[in-house]
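Below is one structure, written out as structure tokens, with a few remarks after it.
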Amino acid sequence: KRIPEDISVMGFSNEPISSYMTPQLSTVEDVAEQMGFEAANTMLKILSGEQPDDDKIVVNQELVLKGTTKELK
């Protein structure tokens with residue numbers, strides 16, 4: 001199989017090593033720090049007797065498209 005002509009390949013966390021590969025690895029941006037912040041903030045509110053603001057928190061991620069994904073037409 002040829003990448004990206006036959007198959008697209010994705011990684012996770014957009015580590016710098018993804019740019020050193022040939023072709024460069026497409027990834028999903030890692031938002032672990034933001035997820036941890038939101039989780040800790042919610043836990044602190046619960047422990048202090050407050051009601052959390054939301055039942056669901058959405059943390060948006062971003063696709064970082066590089067050389068291992070075929071461009072859609």
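One-based numbering along the sequence shown.
With sequence neighbours left out, the side chain to side chain donor-acceptor pair (under 3.5 Å) criterion links Ser19 to Lys66. Residues satisfying the side chain to side chain donor-acceptor pair (under 3.5 Å) test with Asn60, not counting sequence neighbours, are none. Looking at residues two or more places apart in sequence or on another chain, you find a side chain to side chain contact (heavy atoms under 4.5 Å, CB included) between Glu62 and Glu29.
For Glu5, the CD atom sits in a packed shell: over 12 heavy atoms of surrounding residues, nucleotides or ligands are nearer than 6.0 Å. Other residues, nucleotides and ligands place no more than 12 heavy atoms under 6.0 Å from the CD1 atom of Ile17.
Through chains of ILVMFWY side-chain contacts below 4.5 Å, Val31 is grouped with Met35, Ile57, Val59. Through direct or indirect side-chain contacts shorter than 4.5 Å among Ile, Leu, Val, Met, Phe, Trp and Tyr, Val28 is connected to Met10, Phe12, Leu63, Leu65.
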Go through the steps to decide whether Asn14 and Thr27 satisfy the test side-chain hydrogen bond (donor to acceptor under 3.5 Å, both in side chains), and finish with yes or no.
-> CA-CA 5 Å; Asn14 198 26; Thr27 61; 3.1 Å; yes
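Closest heavy-atom contact between Ser26 and Gly67: OG-N, 4.2 Å.
To the nearest 0.5 angstrom, Thr68 atom OG1 is 7.0 Å from Ile3 atom CD1. Put simply, CZ on Arg2 and CG on Asp6 are 4.5 Å apart, with the number rounded to the nearest 0.5 Å.
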Side chains of residues 37-45: which donor-acceptor partners sit under 3.5 Å, not counting sequence neighbours?
from  : atom 1 : to    : atom 2 : distance (Å)
Thr42 : OG1    : Glu38 : O      : 2.9
Lys45 : NZ     : Asp53 : OD1    : 3.2
Lys45 : NZ     : Asp53 : OD2    : 2.6

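Counted by atom type alone, Ser8 and Thr69 present zero donor-acceptor pairs between their side chains at under 3.5 Å.
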